[in-house]
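Proteins come first, then strands; the chains are lettered A, B, ... in the order of their sequence lines, and each starts at number 1.
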There are 4 protein chains.
Amino acid sequence: MPDGKSVTDETMTAKPVRKRDSAGTRARILNVATREFANKGYEGAKTDDIADRARINKRMIYHYFSSKEQLYLTVLEAAYDRARSAEQKLELEQVAPLEALTRFTEFTFDSFVRDRTFINLLATENRQRAKVLKKSAQVNTMNSPVIDAIGRIIARGTADGSIRDGLDARQLWITIIGICYFFFSNIYTLSVIFDSDMEAAGSIAERRAHVVEFVLRGVKA
Amino acid sequence: MPDGKSVTDETMTAKPVRKRDSAGTRARILNVATREFANKGYEGAKTDDIADRARINKRMIYHYFSSKEQLYLTVLEAAYDRARSAEQKLELEQVAPLEALTRFTEFTFDSFVRDRTFINLLATENRQRAKVLKKSAQVNTMNSPVIDAIGRIIARGTADGSIRDGLDARQLWITIIGICYFFFSNIYTLSVIFDSDMEAAGSIAERRAHVVEFVLRGVKA
Amino acid sequence: MPDGKSVTDETMTAKPVRKRDSAGTRARILNVATREFANKGYEGAKTDDIADRARINKRMIYHYFSSKEQLYLTVLEAAYDRARSAEQKLELEQVAPLEALTRFTEFTFDSFVRDRTFINLLATENRQRAKVLKKSAQVNTMNSPVIDAIGRIIARGTADGSIRDGLDARQLWITIIGICYFFFSNIYTLSVIFDSDMEAAGSIAERRAHVVEFVLRGVKA
Amino acid sequence: MPDGKSVTDETMTAKPVRKRDSAGTRARILNVATREFANKGYEGAKTDDIADRARINKRMIYHYFSSKEQLYLTVLEAAYDRARSAEQKLELEQVAPLEALTRFTEFTFDSFVRDRTFINLLATENRQRAKVLKKSAQVNTMNSPVIDAIGRIIARGTADGSIRDGLDARQLWITIIGICYFFFSNIYTLSVIFDSDMEAAGSIAERRAHVVEFVLRGVKA
DNA sequence: AATGAATGAGTCTTCATTCAT
DNA sequence: AATGAATGAAGACTCATTCAT
């Protein structure tokens, strides 16, 4: 689920505005929009700001994406796509079952350390009850490859006696993601409540160790 | 953390608007505002709507809360307060350590089944990096009682050999909340992705059983 | 149908903007809007202009009328109302049948000389196939009083032998209005085509004489 | 004045877009534009829509017509041209004067039954006080042939005693057109006001009979 | 305590038109 | 001849907040 690569900020490195660069303009809008929607939510992101920061005429947003909502949906779909692609690069079939689950947990955790764009987009989208994501034609079966991979790990593990019985792939996936996710999705309120900086390297390392151990104990035979 | 009681909808049962009912007016605003901020986020909630639904003059919002942000902060603080109160009613000291942790996990899970207002408020607040919560004078040490309670359970458990070594109370608390939280915070996007209704009673029961078992295996010696 | 009183221009005579004058503000918006919709059509009229000319904040239009379309509908209904009121002041029952029809024809013609606001509103509304007027709750039986009056004149006239047989009140009403209406509704294009100023007093007087005589010949026995 | 032929819809029958078909492209734009201006008025018609429906690049509108206003003027001129051509096909000189006027009245009425494009264009143009038509170099004397023809009919009729004295050709023309025109130009608002469908075949037949008889009584000796 | 009127600065979206190819 | 990219100005409508009573 988490994305392996963060959204690169084209505005930082962009050359002086190119005239008539269709693909480039579209990509620049999409990158900026991803950042804005992630940082400010759907309502909080402003088309004016997106246009300014992408250094294009506001009209172009409508030329390429036809509405704020369509732009947002495209952003969402691209985020899911990045996440899926990253997961597929993990080579979990070649290693021992417990090692594979450890690797998947660490990968998930680390991807949230690197970039929380996707978390923020999901928060916004769930707040509006997936109103927009429901309209996506391509997203609804996106997750099966990962679930299948985890299912195969569980099967191997129960066969060789390293993993306990009764584990469901989907439930396990939700659990691993969830244990990693909550810490990061709520890192700001947790920092206030505990009155300590959860983003500090020490806090993160401590959390990572706990998570990995907890997951391992939860799955092993 | 989760709140035991959901916000009751005063607008449903309210008598014809009472003139000059200071406490009632204030409470009605607060209830409506809680619902609006939870359902629509900070930016999405409109003072006009809150006034309309609380059947008061918009000016009253400013009379009692001085600004939209102050109103929102009050809503947030009240939500934390409800959550803390509910947790304190759990009697975890009297039962065996593993039983106490089971009970806490189930309570957390069930509170999210009942009402997800708090989850939504937290999503909104984290999206804006706890900008508003930081201004709260009362929230920042609110969580210690629960953490302390969990610490005492762990101590009892390691002493009687039922709980494994090396468990940190705060980490465990985050883990238990997180395993419950993610399923509910992302229930809408998960429903789309898995193309099945996660809010259905069956899905929830299945999830609950998995969560309780996973936590137990994660903590026992 | 034609209105007896034209819309008076409040902006011309208005005192310095009164604070908190609900009725006055509403009336000023309505007057200005009537002029704008009549002169520029529904699409051509701009809410910004209406606000500027009524010297109010644009937000007030939405406060009092909730949308451009509702404002336009209110303008339309008020125009029909003025027209009906004016017609009801004609005392057609007391005079001889042919004299009564003459008087009605002259009144109709003269009302268009005075003010063509209503004609313009009707042109706009018919261009959009009465889309908005259809939504009016009050307009659909507005015309019966006039038709009834004309019906009684025809009855008296056929009884005393001054008016020919076979005249239908509704058809006659449409005919009289129509003979007057077309000249005024198309006065600008007619002026171009005939390359002469149809708004000149001479053109109007000539037309009036023709119309009255033509109607009389059309109805008398 | 009314057009005998309605604007045929080229978009319906068009072959797959021909590249480099100058005359065809121009004609297609003109047909679509006529429909759009008639149905939506000058302000309501959008160049984007016209381009889409004519299945051409928007730039072509500017290539062939240089501006929205020029396009609209061309549409107007073509409409007048069609109307004049149709009238000239009537052979009014060969028949008896009253028969000739009957035929002209029926022709006018029927042309509005067939197509009200011209009526709609005139409504729009008069609403803007013929601002655009005034710029036409060719329209301003277009109507004389019909007026002349009616003049000759009146002359023949007064000579043979079938038509009354004192009829002015231009006034009569305006009257005949007007009696027909108003019913159709206001057919939508009349339908609402009388709460009955004026476009129904019965309503139209009834109206036609009334009009023809009324005109005849208005002109005969 | 309570209210409705009023406001200025946005907010998404659309438009006619021009540019580069 | 034909196209898609690009633009600046405006358009309907909204928002949190303040004023006058």
What nucleic acid atoms does C/A23 come within less than 4.0 Å of, heavy atoms only: base, sugar-phosphate, or nothing? nothing
So does B/V32 get a backbone contact from the side chain of B/R53, meaning a donor-acceptor N/O pair under 3.5 Å? no
Has the side chain of B/E77 got a donor or acceptor atom that lies under 3.5 Å from a matching backbone atom of B/S136? no
Would you say A/S67 places a side-chain N or O within less than 4.0 Å of OP1 or OP2 belonging to E/dT13? no
Give the dot-bracket string for DNA chain F, reading 5' to 3', where a pair is Watson-Crick or G-U wobble with both distances under 3.5 Å, ( ) marks pairs inside the strand, [ ] marks pairs crossing earlier ones, | marks a partner on another strand, and . marks unpaired. .||||||||||||||||||||
Select base, sugar-phosphate, or nothing to describe what D/A51 touches, counting heavy atoms under 4.0 Å on all strands. nothing
CZ (D/R127) and CG (C/L121) are apart, to the nearest 0.5 Å, by 10.5 Å
Checking A/K68 against A/Y42: charged group under 6.0 Å from the ring centre and within 45 degrees of the axis? yes
Give one of base, sugar-phosphate or nothing for A/Y64, where a contact means two heavy atoms less than 4.0 Å apart. sugar-phosphate
On a heavy-atom basis, the closest approach of D/N57 and D/A51 is C-CB, 4.4 Å
Ignoring backbone atoms, test whether A/T47 places a side-chain nitrogen or oxygen under 4.0 Å from the OP1 or OP2 oxygen of E/dT13. no
Is C/N57 close enough to E/dG8 that one of its side-chain N or O atoms is under 4.0 Å from OP1 or OP2 there? yes
